[in-house]
Each structure stands twice: as C-alpha cells, then as structure tokens.
Amino acid sequence: MPPATTNLARNVLMWFRRDLRLHDNPALLSALGQPDRIPAAQHLYPVYCLEIPTKKKCGHRRWIFLLECLHDLDANLRKLGSRLFVVRGLAPDVLPLLVQHWNVSELAVGECHEPFAVARDNDVAQQIAPHGCDFKSFPGRTLFRPQDVLARTGNGKAPLTMAAFSKIAERLPVPTPVDAPASLPSLGDDAITALRNALDPATFDALAGPQGDFSVPTIEPDGTVPELHLTTPIPAHEQSPHRGGETEALRRLDAYLSDHARVTQFEKPKTSPAAFYPNADTTILSPYTTYGALSVRTFRAGIDRVYRAAKGKHSKPPVSLLAQLYWREFFMTAGATTLNFEQMRRNPICLQTEWKCIPGETTRESHPDDYAMLDAWAEGQTGYPWIDAIMVQLRREGWVHHLARHSVACFLTRGDLYISWERGAEVFEDLLLDHEWALNRGNWMWLSASAFFHQYFRVYSPVKWGQSWDSEGVFIRKYLPVLRKMPKQYIYEPWKAPIAVQRAAGCVVGVDYPKRIVDHDVVVKVNMTKMKTSHAAQREQAAMENGDSNGGRNGTRERSGNMRDRPL
DNA sequence: CGGAAGGTTGCTCCC
DNA sequence: GGGGAGCAACCTTCC
C-alpha cells in the first residue's frame with residue numbers, strides 16, 4: 001500500500017496529454033521538487049487517459065501513432081524504474097478516482113490552450129479540489145503562451161499576419177528546454193492493488209483494460225488494435241512509414257539538424273509537395289510535436305544552435321525553418337483567443353459565404369449530390385490525378401506536404417467544389433497524424449480564403465501546380481498505380497489522352513480511373529464570382545452596422561462588440 | 001482617420 | 001526556361 005499518508009505527503013500524478021516525452025517536460029520534472037525549497041515527491045504516478053470510444057474523429061493510423069508514442073513513453077519511464085498507467089476513461093471521470101485512492105496531492109500537467117481543453121482542465125481541477133489535490137500546469141506545449149502574445153498586440157486580438165506575429169515573437173524571451181530526469185520518484189509499491197481494493201470490480205476492469213494492469217493497448221503486427229475495435233488489417237505496403245514515439249522523434253530531429261546547410265537555407269515555398277518519405281524536403285517532425293513526443297522548445301534550441309554555428313547567416317520568417325514553429329504558435333494563439341474558431345458561423349474573423357455541405361445546415365439526405373462530391377474528394381476519386389494522389393498519400397501515410405494540403409484544400413473549397421472548409425477539416429482531423437485543432441482549422445480558413453489569407457483570385461490549378469513540381473508524374477505514379485504507365489504528357493490530365501493511349505497504358509478514364517468530377521476551368525470562374533459576391537455582401541452588412549461611417553472598411557460583420565474578448 | 005504597403009507558396013502571357 | 005507584368009482586387013498592418 002502507499003503508506004497511510006498524511007496530508008503532508010507529496011504524491012504527484014503526472015497527467016500526460018500532448019507531452020508524451022521525458023525530455024523538456026517541466027510538469028514531469030516538477031515531481032523531483034527543488035533543492036532546499038520543495039521536497040521530491042514520495043510517489044509519482046504517470047498517467048495517460050485513453051478516452052474510448054469518444055475519439056470518433058481519430059482514424060486508424062492516428063490511433064496507431066498515438067499508441068506507439070505511449071508504448072515508447074512507457075518504455076522510457078520503465079528505464080527509470082517507473083511506468084505509464086493507461087487509464088481507460090474520460091479525464092474528469094477517472095482522475096478524481098485516482099487522486100482519491102492514490103492519495104495524490106498534486107496533479108501536474110503540460111498546459112493546453114484550446115478552449116475545449118481549458119474547459120476540461122477547469123473541470124478536472126474542480127473535481128480533484130475536494131480531495132485536497134492541487135492542479136498545477138506547466139509550460140512546454142508551445143514556445144509562447146497565447147496570453148503573452150496577446151498582451152503585446154495593442155488591441156487584445158491575435159495577430160492575423162505572420163509579420164505582425166513575428167514582430168511580437170522576436171521580443172518574447174526564448175524558452176530554455178529542461179533536461180530529461182535522470183531518475184524518478186518511485187511508484188507506490190502496489191498502486192494497482194490499491195485501486196483494485198478501493199473500486200468495485202466492474203469499474204476497476206473498465207479502467208485497467210483487458211490485461212488488468214493499465215498497460216498500453218497492443219498493436220498487432222497486421223495493424224489491428226482489438227481493444228479499440230480497429231479490426232481491419234492494414235497491408236504492410238499501406239501502413240504509415242511514420243513510427244510514433246519520443247525515441248524516433250529525437251532520432252529524426254538529430255538527423256535533420258545534422259545537415260546545417262539544409263537548416264540554414266530552408267525556405268518553405270521552395271520545398272516540394274511532390275517529394276515523399278524518406279526523401280521529403282521537409283522535416284516531417286509535425287506528428288511528433290503534435291503529440292509532444294518532440295518538444296518544440298527542444299526543436300527550437302536545435303535550430304538556434306545550427307543558426308549560431310552559421311554565424312547568423314540563415315533564412316528568415318516567414319519562410320525559414322524557425323518560422324515553421326512560429327506558424328504553429330501563430331495559429332495556436334489565434335485558436336486560443338478567437339470565438340468559434342473551428343466554424344464559419346459566429347466566427348468573427350471568418351468570411352461568410354454559401355458553401356455546400358455546411359455542418360448543421362445541410363445533410364446527406366437533403367443534398368446527396370453535394371455530399372457525393374465531398375466523398376469523391378475525401379476518397380481520392382475526383383478524376384484529377386494530382387489531387388487524388390495526395391489524398392491517397394494522406395489516407396495511407398497520415399502526412400502530406402504542406403503545399404499538397406494547399407492544393408487539395410483549395411480544390412475542395414474556393415477552387416473547385418465550393419464545399420465548406422469545415423468538412424475538409426473534419427476529414428483532415430480523421431487522417432492527419434499531425435492533427436492540431438488550431439492549425440487545422442486555421443489553415444482551412446487560410447486556404448479557403450476565409451481568414452488570414454484573402455486573395456481568393458489566386459487559385460491553385462489541380463493540373464498546373466503539381467506539374468510545375470513534378471513534370472514526370474513520379475508522385476502520381478507512386479500513389480495511383482493505375483496511372484503508372486500513362487505517358488507524362490497526359491499523367492495530370494488523363495482524359496485528354498487518346499483512347500488508344502489510355503488502352504495501351506491500361507487505364508481507361510471512366511473505367512479504370514474516374515472521370516473528372518468538375519471542369520476546373522469552368523467552375524473556377526463561377527466560384528470566384530461567389531467569393532466576390534460574398535465579400536460585397538459582407539461589406540454592405542458592415543456598413544449598415546457601422547452607420548455607413550467607414551464605408552465598410554475592416555468589414556466588422558460579427559467583429560464588432562467584444563466577441564473576441566473572451567477569457568483564456 | 002486615411003491611405004499606402006504588404007501579404008509564406010497563382011496563372012497566363014510575353015519576352 | 002526564367003523573369004516580369006497584368007490579371008481583378010481581397011484584407012491587415014502601419015504610418
């Protein structure tokens with residue numbers, strides 16, 4: 001038993017969320033106490049709450065990546081004589097039980113800033129307070145706290161351009177990563193027994209999982225996870241090449257940073273969306289920063305070391321490697337401080353326009369044709385090989401290049417299908433290993449020219465843009481084998497190939513590969529007109545609300561009042 | 001306040 | 001094929 005501790009005992013429960021690592025983890029380190037000030041914890045209980053089955057928007061490969069991170073975290077904890085307890089259930093339900101029966105005095109977390117996470121954490125803090133347990137949050141998820149950025153904007157609103165954000169970021173202190181612990185406080189000798197004795201058997205079994213020991217769910221070699229009812233085997237060639245975990249994250253970071261020229265000369269718009277693992281132009285570290293298997297503060301420190309070695313000669317924001325971390329902060333700041341950030345309606349920074357398939361406004365039953373188009377896009381069946389190949393890569397690997405995301409997002413929204421960006425965000429949330437709520441929703445607003453970016457007349461061609469990167473069609477041939485033998489002059493537009501050429505290539509359009517679902521050259525003009533009309537309507541509305549005083553400048557639509565002045 | 005400058009990553013046409 | 005103007009025209013930031 002944990003000794004019948006008095007209230008003076010310091011027992012810490014480390015609640016891991018998006019910080020699945022030992023390096024640069026201030027919350028975890030807090031258990032060690034501080035010399036002469038705070039004693040080391042007597043016991044440390046590392047916990048992850050596995051929220052089954054509520055993560056409906058988390059696809060199979062995302063689950064696998066998360067579980068790999070948990071397995072690696074558990075292994076690394078065990079090297080220090082500890083372990084991870086994976087508790088099945090929602091945090092506000094299960095943490096109070098653990099706190100009570102493990103006699104926990106402090107619950108330590110890495111701070112999260114999403115509105116829903118803040119609400120959840122407040123809930124947990126209230127639930128554990130009656131048990132005499134403090135909720136203590138620590139930095140580490142971001143380089144900068146959204147509040148600290150907001151405090152320097154002058155108007156209390158998140159910056160909407162990278163130039164404005166960078167100006168603030170450059171004046172904020174550079175966070176220093178902390179070392180991984182060399183040792184950890186012990187577990188209670190019989191932490192599991194304590195729970196088994198205190199809880200009724202059904203509750204215990206539900207929390208502890210099928211092994212009865214709070215272990216990480218097992219991933220079978222065929223990719224199935226029986227405990228999570230992920231029972232569809234994934235053939236070897238369709239498994240993601242990106243393996244989760246802190247160990248792999250730090251290996252990839254070191255490998256990337258070892259090429260100093262690549263780091264100092266990095267310019268995002270010059271990296272190719274048609275390059276793919278293991279020869280991608282970019283780091284593919286985003287899945288690791290998403291789950292916190294890699295600390296962004298450690299990442300930044302590594303970039304800074306390379307920059308210093310180059311005596312300050314390096315690319316600059318908004319295109320530099322460091323700026324890629326700034327973009328993450330940029331969207332997290334906006335997401336943490338903008339009302340209704342994840343949707344179009346009642347979102348003060350978002351363009352209002354009449355997309356198809358708006359959540360809550362149409363259904364599959366009311367508009368089956370619109371949703372058929374959405375499905376064709378999501379499944380890689382648009383008939384545009386560049387678009388479809390990207391969606392296949394996304395589905396299979398859980399990662400595609402940022403500019404590839406631009407292409408398919410523009411296609412779904414303002415470019416071709418004029419479908420709600422929220423629907424695209426839902427699909428990405430399901431598929432992306434690196435899904436971050438604020439980045440995903442923010443980038444969908446960007447690409448649909450709903451917020452941040454407004455030059456809707458700049459449209460990506462689903463043919464020309466890919467062609468400019470990969471005229472041979474290597475990328476398409478990899479992910480759409482049906483087009484493998486199509487001559488390069490038709491690989492981006494197979495419908496233009498003479499039927500004899502289609503037959504010779506073994507790919508007849510309409511039989512072996514879909515006909516294109518829209519004619520880009522036609523719909524792009526229609527869509528641009530829709531955007532123009534929506535902007536005009538919005539300016540008119542703003543002029544009305546402002547008594548026509550500013551001619552609609554800064555279109556206030558729902559921006560007036562204090563809608564953005566919400567507490568963090 | 002008003003207006004100019006600038007905005008990570010477009011396309012087409014022309015030289 | 002690489003670079004630059006024109007396309008038609010959005011918003012935020014900054015002075």
Side-chain angles (χ1 to χ4, degrees), chain A residues 152-169 265-275 281-282 315-331 333-334 338 347-353 386 390 400-411 413-416 439 442-443 445-471 492 520-521 523-525 527-540 542 546 548-557 559 564:
Chain A
R152 287 167 170 76
T153 58
N155 64 0
K157 294 176 182 177
L160 299 174
T161 65
M162 179 44 73
F165 181 89
S166 284
K167 195 173 288 184
I168 294 167
Q265 294 164 24
F266 186 98
E267 291 185 39
K268 190 58 168 281
K270 291 183 179 171
T271 60
S272 172
D281 277 355
T282 49
S315 52
K316 296 284 183 344
V319 298
S320 62
L321 186 58
L322 175 58
Q324 304 315 303
L325 294 181
Y326 280 10
W327 281 107
R328 180 177 182 273
E329 305 284 320
F330 173 84
F331 286 116
T333 302
T338 305
N347 177 340
I349 65 171
C350 187
L351 175 73
Q352 305 295 304
T353 189
W386 171 248
I390 293 166
V400 300
H401 187 279
H402 184 63
L403 294 179
R405 302 180 198 199
H406 277 219
S407 253
V408 298
C410 185
F411 186 91
T413 58
R414 66 192 167 87
D416 293 80
L439 279 68
N443 274 302
M445 279 188 267
W446 185 296
L447 262 300
S448 61
S450 297
F452 306 110
F453 173 85
H454 311 277
Q455 292 152 285
Y456 60 81
F457 31 85
R458 292 188 187 173
V459 177
Y460 291 92
S461 162
V463 172
K464 299 293 167 49
W465 172 251
Q467 232 163 10
S468 72
W469 289 103
D470 176 17
S471 60
Y492 285 84
H520 174 75
D521 294 334
V523 296
V524 72
K525 294 191 178 73
N527 293 343
M528 237 183 261
T529 304
K530 288 182 182 174
M531 292 294 279
K532 183 178 179 179
T533 305
S534 294
H535 277 292
Q538 201 158 261
R539 276 195 303 274
E540 196 168 325
N546 292 345
D548 210 9
S549 61
N550 73 353
R553 225 179 134 266
N554 293 332
T556 53
R557 40 192 184 274
R559 196 171 305 181
R564 299 189 68 194

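What you are looking at is a predicted structure, and each value in this text was computed from that prediction instead of being measured. Order of the sequence lines sets the chain letters (A, B, ...), proteins ahead of strands, with each chain counted from 1.
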Rounded to whole angstrom units, what separation is found between the NZ atom of A:K157 and the P atom of C:dT13?
10 Å
Are side-chain N/O atoms of A:T353 and A:S534 paired as donor and acceptor at under 3.5 Å?
yes
Mark yes when over 12 heavy atoms from residues, nucleotides or ligands other than A:K530 sit less than 6.0 Å from its NZ; otherwise mark no.
yes
Would you indicate what A:Y456 reaches in the nucleic acid, counting non-hydrogen atoms under 4.0 angstrom: base, sugar-phosphate, or nothing?
sugar-phosphate
Looking only at heavy atoms, which two atoms of A:R458 and A:F453 are closest? And how far apart?
CB-CZ, 4.4 Å
Heavy atoms only, 4.0 Å cut-off, all strands: where does A:H406 land among base, sugar-phosphate and nothing?
base
Toss me the dot-bracket line for DNA chain C: Watson-Crick and G-U wobble, both under 3.5 Å, 5' to 3', using | for pairs to another strand and [ ] for crossers.
.||||||..||||||
Under 3.5 Å, which N/O atoms of the protein pair with N/O atoms of nucleotides 11-15 of chain B?
from   : atom 1 : to     : atom 2 : distance (Å)
B:dC11 : OP1    : A:S461 : N      : 2.7

Could you check whether A:K167 gets within reach of a base, just the sugar-phosphate, or nothing at all, counting any heavy atom under 4.0 Å?
sugar-phosphate
Quick check on C:dC11: is either OP1 or OP2 less than 4.0 Å from any side-chain nitrogen or oxygen of A:H535?
yes
Under the 5.5 Å and 30° test, is A:W327 stacked on the base of B:dT8?
yes
Reckon A:W446 touches a base, only the sugar-phosphate, or nothing at all at heavy-atom distances under 4.0 Å?
base
Considering non-hydrogen atoms only, spot the tightest contact between A:H520 and A:S461 and give its length.
NE2-CA, 3.9 Å
Where does the angle between the aromatic ring planes of A:W446 and A:W327 fall among parallel (under 30°), tilted (30 to 60°) and perpendicular (over 60°)?
perpendicular
Phosphate OP1/OP2 of C:dC7 contacted by A:R458 side-chain N/O (<4.0 Å):
no
Quick one: does A:H454's side chain get under 4.5 Å of A:M531's, heavy atoms only?
no
Does A:K532 make a side-chain N or O approach to OP1 or OP2 of C:dC10 shorter than 4.0 Å?
no
